Amino acid sequence: MPELPEVETIRRQLAPLVEGRTLEALTVADARWCDPLDPREVEAAVGGRAVRALSRRGKYLTWELAGGVSVACHLRMTGTMLYDPPPDQDPPHARVTFLLEEGHRVVFCDPRRFGTGELLLGSAALEAFHAARLGVEPLSEAFTAAHLRSLARGRRAPVKAFLLDQTKVAGVGNIYADEALFRARIHPLRPAGALRGAQLGALRDAVVAVLEAGIDAGGASIDDFRHADGVQGSFQHAFLVHRRAGEPCPTCGTPIRKLVAAGRGTYVCERCQPVPRRRSR
DNA sequence: AGGTCGGCCTGGCAGC
DNA sequence: TGCTGCCAGGCCGACC
C-alpha cells in the first residue's frame with residue numbers, strides 16, 4: 001500500500017513529465033473521489049492550468065497548479081497513478097484522468113476506491129490542509145531525536161499506534177512501522193511515552209533508514225502498487241519482518257510472530273523486540 | 001483529552 | 001468446482 005516511499009517514488013517519476021506542462025482537463029469518473037465536492041466543480045477549477053509542481057507531503061501527492069489551485073491526492077490502500085497507459089482503453093479501475101498536452105495523460109486507478117482528491121484554492125489553503133492533519137516530515141531536518149522525544153512524552157498508546165498517527169510523524173504506514181520498530185529493537189506494544197531517550201533516538205534513525213531504503217527500492221509492491229510506468233517496486237523482497245510470520249528472524253532465528261497492534265497486522269521478533277512486562281502474547 | 005473501534009470498499013483466498 | 005464470507009487496512013467519525 002502506498003506509504004511515503006511509494007508516493008515519493010511516483011512523484012519522482014511523474015514530476016519531470018508533468019511539471020511545466022498544462023493540465024488541459026481533469027475527468028472524474030467516480031464522484032466518490034472528490035466527495036463532497038461535485039466532480040464538475042473540481043474539473044472546472046483545474047482545467048487549463050499549468051502544472052507548477054508535483055509535490056509530496058506525508059502520503060499526499062499534490063498537483064500544484066497556476067493560480068494557487070491545488071489537488072491533494074491520497075492513494076490510500078490500492079491507488080496507482082499510471083502515465084500514458086495503452087491509449088485504446090482505460091486501464092482497470094480507472095477513476096480519474098489528468099489530461100496533459102499532446103495527449104499525454106495520468107490515470108488514477110484504485111480497485112478499492114478508497115483514494116481521494118481534495119481541491120484547495122490558494123497556497124494558504126494547502127498549508128492549512130497540511131498543518132491540520134500532518135506532523136513532522138520524517139525525511140526533513142526537523143525530524144530529530146529530540147523532536148521525536150517531545151512527541152512521545154507522556155503518550156500511553158502503543159508505539160506502533162504512535163508511529164501510524166499521521167499528525168505526529170507524516171508518511172509512516174504499517175509496513176515501515178514494523179520494519180523500523182524491528183530495526184530499533186522496540187516491541188510495537190510498548191507505550192510510546194515509556195521509551196527511553198536512547199530508544200527513541202534509535203527509532204528516529206530506523207524510521208529514516210527504512211524510508212530511505214524503501215525509496216531506493218522504488219517502494220514495496222505487495223498489493224496493487226505500481227510505478228507510473230506499471231513496474232513493481234522491490235522493497236517487499238527486503239522486508240525483515242513484515243509479512244514474514246513463521247520465518248526465522250534475520251538476526252537471531254526466532255520465528256517471527258504476527259500479532260495485532262493498533263488494529264493492524266503487526267510482525268515482530270519477540271526475542272529481539274522484548275515484550276512489554278507481563279507475558280508474551 | 002486522548003485512546004479505541006467500526007465503516008468505507010473490493011479482490012483474493014480459506015473453507016466447505 | 002463453485003460459492004460464500006471473511007479479511008486486509010489508511011483514515012475519519014463515533015464512542016468511551
Side-chain angles (χ1 to χ4, degrees), chain A residues 1-10 28-37 56-62 72-81 90-96 108-118 120 128-135 137-138 150-181 188-195 207 211 214 219-226 232 235-236 239 241-246 257-268 276:
Chain A
M1 49 233 69
E3 303 180 25
L4 188 154
E6 287 73 31
V7 179
E8 179 63 18
T9 295
I10 290 177
V28 181
D30 182 351
R32 186 181 298 275
W33 179 72
C34 57
D35 182 74
L37 291 187
R56 181 196 58 75
R57 178 79 168 85
K59 302 175 193 173
Y60 283 92
L61 183 68
T62 300
C73 303
H74 199 303
L75 307 184
R76 299 286 178 120
M77 311 280 303
T78 54
T80 53
M81 289 269 186
D90 278 339
H93 311 294
R95 299 179 62 207
V96 177
F108 175 61
C109 301
D110 186 11
R112 287 186 208 173
R113 302 174 63 209
F114 277 9
T116 56
E118 297 245 4
L120 298 159
F129 178 80
H130 287 157
R133 62 194 74 207
L134 299 175
E137 189 65 31
S150 72
L151 289 173
R153 188 165 299 132
R155 306 259 310 181
R156 278 174 292 183
V159 61
K160 170 116 182 206
F162 171 78
L163 279 179
L164 294 179
D165 183 346
Q166 301 299 297
T167 69
K168 301 298 185 297
V169 180
V172 177
N174 205 31
I175 294 170
Y176 294 91
D178 280 0
E179 294 294 306
L181 288 167
L189 293 178
R190 294 280 307 278
L195 297 173
V207 166
L211 293 177
S221 293
I222 53 180
D223 284 324
D224 305 78
F225 177 71
R226 296 291 185 277
Q232 295 194 357
F235 195 62
Q236 67 277 13
F239 291 170
V241 291
H242 188 74
R243 299 218 175 190
R244 295 202 183 280
R257 291 188 56 180
K258 180 181 182 183
L259 48 87
V260 175
R264 302 289 179 281
T266 299
Y267 299 83
V268 297

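No hydrogens, no waters, no symmetry mates; every other heavy atom, side chains included, goes into these values. No experiment lies behind these values; they were computed from the predicted model shown. The chains referred to below are lettered A, B, ... by the order of the sequence lines, with proteins before strands, and numbering in each begins at 1.
For T266(A), the side chain to side chain contact (heavy atoms under 4.5 Å, CB included) test picks out K160(A), D178(A), P188(A), L259(A), A261(A), R264(A), V268(A), with sequence neighbours left out. Legend: residues meeting ring-ring contact (aromatic ring centres under 6.0 Å, His included) with F225(A), ordered by chain and number and at least two apart, are H227(A). Considering only residues two or more places apart in sequence or on other chains, F162(A) meets the ring-ring contact (aromatic ring centres under 6.0 Å, His included) condition with none of them. The side-chain hydrogen bond (donor to acceptor under 3.5 Å, both in side chains) check on R56(A) picks up E8(A), E137(A), with sequence neighbours excluded. With sequence neighbours excluded, no residue forms a salt bridge (charged side-chain N to carboxylate O under 4.0 Å, His left out) with R226(A). The ring-ring contact (aromatic ring centres under 6.0 Å, His included) test applied to H130(A) returns no partner, not counting sequence neighbours. Residues satisfying the salt bridge (charged side-chain N to carboxylate O under 4.0 Å, His left out) criterion with D35(A), sequence neighbours excluded, are absent altogether. Residues meeting the salt bridge (charged side-chain N to carboxylate O under 4.0 Å, His left out) test with D90(A), sequence neighbours left out: R105(A).
Here the range on DNA chain C touched by chain A, meaning any atom under 4.0 Å from one of its heavy atoms, is dA8(C) to dC12(C).
Each of V172(A) and K258(A) lies near DNA chain C, and the nucleotide nearest K258(A) is the one positioned closer to the 5' end.
Of the residues in residues 158-171 of chain A, those lying under 4.0 Å from DNA chain B by heavy-atom distance are P158(A).
Under 4.0 Å is where a charged nitrogen must lie from a carboxylate oxygen, and between D30(A) and R113(A) at least one such pair does.
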Hey, what are the protein-to-nucleotides 5-8 of chain B N/O distances that come in under 3.5 Å?
{"from": "dC8(B)", "atom 1": "O3'", "to": "R32(A)", "atom 2": "NH1", "distance (Å)": "3.3"}

Polar-atom pairs under 3.5 Å, protein N or O versus N or O of nucleotides 12-15 of chain B: list them with distances, or write none.
none

